[in-house]
Amino acid sequence: MRHLTVRHTPQQNSVAERMNRTIMEKVRCMLSNAKLLKSFWAEAASTACFLINDLYPFPLRKRLHKRYGLVEYQINTESTPQAITKIENRVASSPQYSIAKNRTKREIKPLKKYAEADLVAYALNVAEDIDANQEPSNYSEAISFEDSEKWMFAMQEEMESLHKNRIWDLVKLPKGKKHSWIRALLSIVVMHDLELEQLDVKTAFLHGELEEDIYMQQPEGFIVSEKEDYVCLLRKSLYGLKQSPRQWYKRFDSFMTSRNFKRSSLDSCVYFKKKSDCSFMYLLLYVDDMLIAAKDKGEIRKVKAQLREEFKMKDLGPAKKILGMEILRDRKASKLYLSQKGYIEKVLCRFNMQRAKPVSTPLAAHFRLSSALSPQSDDEIEYMSHVPYSSAVGSLMYVMVCSRPDLSYAVSAVSRYMANPGKEHWKAVQWILRYLRGTTDVCLQFGRTKDGVIGYVDADFAGDLDRRRSLTGYVFTIGGCAIS
């Protein structure tokens, strides 16, 4: 039976592996016997390959020597500096060959890979864009909305908060100046029957302290009379500044460490503290949303009180929804459910797939995706320029990393062609959306079992049609529920 191996993967071929070992052994023997430098490694390997290819069975080789006058090859074993120089000169004088040590080394560029954190960040940005499309983007749009009164009330409340926190001073403009960690926590909460509370930080970015002078024009609709030519000199960070997230995190991190909380080495937004009874308290932060988990509700109230003393907080009680994920808990049955039904319905409406025919698999077997399906003609390029491929894949990524690990393989397949997608790639994305259409109510279920962290891994065989590489998949569970 003939066995086929993947291109450029000699490690799958036992015959090739044995031949590589034979060549290397010959190279070492020749260099050792001739007492040559390692710079002649390539020449020794070339000689070994030539000898292996030229070696025939003895009777045949004898006949060939008589018929064609072939001669035997022998390696020069002279090891004096004069002999080595003679060899180098003889090889260098050949017009079709250059000695290995004199050749310029080619530049080997590492493969560009995307870490899981990069994909999550991209997915979160796209997810925020979906919600942002339903909100006004400026003052003019807000006052022209149907609910303009509500928007005006919200703006007035925001301005009052800015003035109360003394975010800026009006001055003359000076011259010369112009989601796997959440699932892990929920598993721990169910396993140990912990209390889970949620908090929201009001105007979180306004708590950061600026380290430089920044000037801003007065907000539209709230310009101070008789000071129209004045500008705002910021005293604290503000939404929209590049420095704001970093300054807010530095302030919050210093507060948490001062309260004997330790920051996780794996995720900078996860804090924990060990209690005297050997139990743990956990605090998770995402921008201005917090989850606090502990065995004792009194300990949670103490932390809430400390946070309220330092920041303006809103107590949301038992956790029900965070980052578009709905949290449903049945403590009697020791079950907790994580669902994104509302977000999925928004995604389907955005890409006009809310009435599509459902399918039963995330990605059908007839999709053989490769870069060869990318646009080739100008008409195809023009057509795909109007298709929201990247936005759709980003939306699917957010669903995948939060509550739907069953989409992992399908989303990884379509995300490879975001730079230059074709019509067939877009059909695959629509197929995934059709799968979501029929599984909107599917959610993650966390239960209480004796199992700790369990990992599973598997791989296909040269499933990548472009590079003929194998694809590896893995899943880690806690309490029987997938967390990564």
CZ (F261) with more than 12 external heavy atoms under 6.0 Å: yes
Heavy atoms from other residues, nucleotides or ligands near CZ of F280 exceed 12 (cutoff 6.0 Å): yes
Applying ring pair (Phe, Tyr, Trp, His ring centres under 6.0 Å), name anything that partners [X], two or more places apart in sequence or on another chain.
{"X": "Y417", "answer": "H425"}
{"X": "Y249", "answer": "none"}
{"X": "F272", "answer": "none"}

Tell me whether [X] contacts the main-chain N or O of [Y] through its side chain, where contact means a donor paired with an acceptor under 3.5 Å.
{"X": "S279", "Y": "K275", "value": "no"}
{"X": "Y286", "Y": "I322", "value": "no"}
{"X": "S187", "Y": "R183", "value": "yes"}

Could you list all the salt bridge (Lys or Arg N to Asp or Glu O under 4.0 Å) pairs where at least one residue sits in [range], not counting sequence neighbours?
{"range": "residues 424-442", "value": "K341-D441"}
{"range": "residues 259-273", "value": "D253-R263"}
{"range": "residues 397-407", "value": "R404-D406"}

Donor-acceptor pairs are to be reported for all side-chain atoms of residues 331-338 against protein atoms at under 3.5 Å, with residues two or more places apart or in another chain.
residue	atom	partner	partner atom	Å
R331	NE	D193	OD1	3.4
R331	NH1	E195	OE1	3.1
R331	NH1	E195	OE2	3.2
R331	NH2	D193	OD1	2.8
S334	OG	R448	NH2	3.4

Hey, are the side chains of [X] and [Y] touching, using non-hydrogen atoms and a 4.5 Å cut-off?
{"X": "I454", "Y": "I478", "result": "no"}
{"X": "V347", "Y": "L433", "result": "yes"}
{"X": "S360", "Y": "Y435", "result": "no"}
{"X": "F476", "Y": "Y456", "result": "no"}
{"X": "Y343", "Y": "S403", "result": "no"}

[atom1]-[atom2] distance between [X] and [Y], expressed to the nearest 0.5 angstrom:
{"X": "F311", "Y": "W248", "atom1": "CZ", "atom2": "CH2", "result": "4.5 Å"}
{"X": "N420", "Y": "L373", "atom1": "CG", "atom2": "CG", "result": "11.0 Å"}
{"X": "N20", "Y": "M24", "atom1": "CG", "atom2": "CE", "result": "7.0 Å"}
{"X": "L471", "Y": "D460", "atom1": "CG", "atom2": "CG", "result": "5.0 Å"}
{"X": "D200", "Y": "K312", "atom1": "CG", "atom2": "NZ", "result": "11.5 Å"}
{"X": "T440", "Y": "L348", "atom1": "OG1", "atom2": "CG", "result": "6.0 Å"}

Pair listing, side-chain hydrogen bond (donor to acceptor under 3.5 Å, both in side chains) test, anchored in residues 363-374, at least two apart: S371-D466
What heavy-atom pair brings [X] and [Y] nearest, and what distance separates the two atoms?
{"X": "P405", "Y": "A482", "result": "CG-CB, 4.1 Å"}
{"X": "W426", "Y": "P388", "result": "CZ3-O, 4.1 Å"}
{"X": "Q306", "Y": "F255", "result": "O-CZ, 3.5 Å"}
{"X": "L369", "Y": "L465", "result": "O-CD1, 3.8 Å"}
{"X": "P375", "Y": "I381", "result": "CB-CG1, 3.6 Å"}
{"X": "Q340", "Y": "M325", "result": "CG-CG, 3.7 Å"}

Trace of the side-chain contact (heavy atoms from CB on, under 4.5 Å) decision for V189 with R329: CA-CA 10 Å; V189 167; R329 190 173 186 183; 3.5 Å; yes
Donor + acceptor pair across side chains of E326, S339 (<3.5 Å): no
All side-chain hydrogen bond (donor to acceptor under 3.5 Å, both in side chains) counterparts of K274, not counting sequence neighbours: none
Intermediate values then yes/no, side-chain contact (heavy atoms from CB on, under 4.5 Å), V429 and L396: CA-CA 9 Å; V429 172; L396 294 173; 4.1 Å; yes
Criterion side-chain contact (heavy atoms from CB on, under 4.5 Å) on L307 and F252, from CA distance to verdict: CA-CA 10 Å; L307 289 168; F252 184 81; 4.0 Å; yes
Side chain to side chain contact (heavy atoms under 4.5 Å, CB included) partners of I23, counting only residues at least two apart: M19, V27, A48, C49, I52
side-chain contact (heavy atoms from CB on, under 4.5 Å) between F367 and W431, worked out: CA-CA 10 Å; F367 284 109; W431 185 279; 3.8 Å; yes
Under the salt bridge (charged side-chain N to carboxylate O under 4.0 Å, His left out) test, residues paired with E380 that sit two or more places apart: none
For D315, salt bridge (charged side-chain N to carboxylate O under 4.0 Å, His left out) partners two or more places apart: K304
Chi angles and distances behind the salt bridge (Lys or Arg N to Asp or Glu O under 4.0 Å) call for R301, E197: CA-CA 10 Å; R301 284 195 291 267; E197 301 280 332; over 6 Å; no
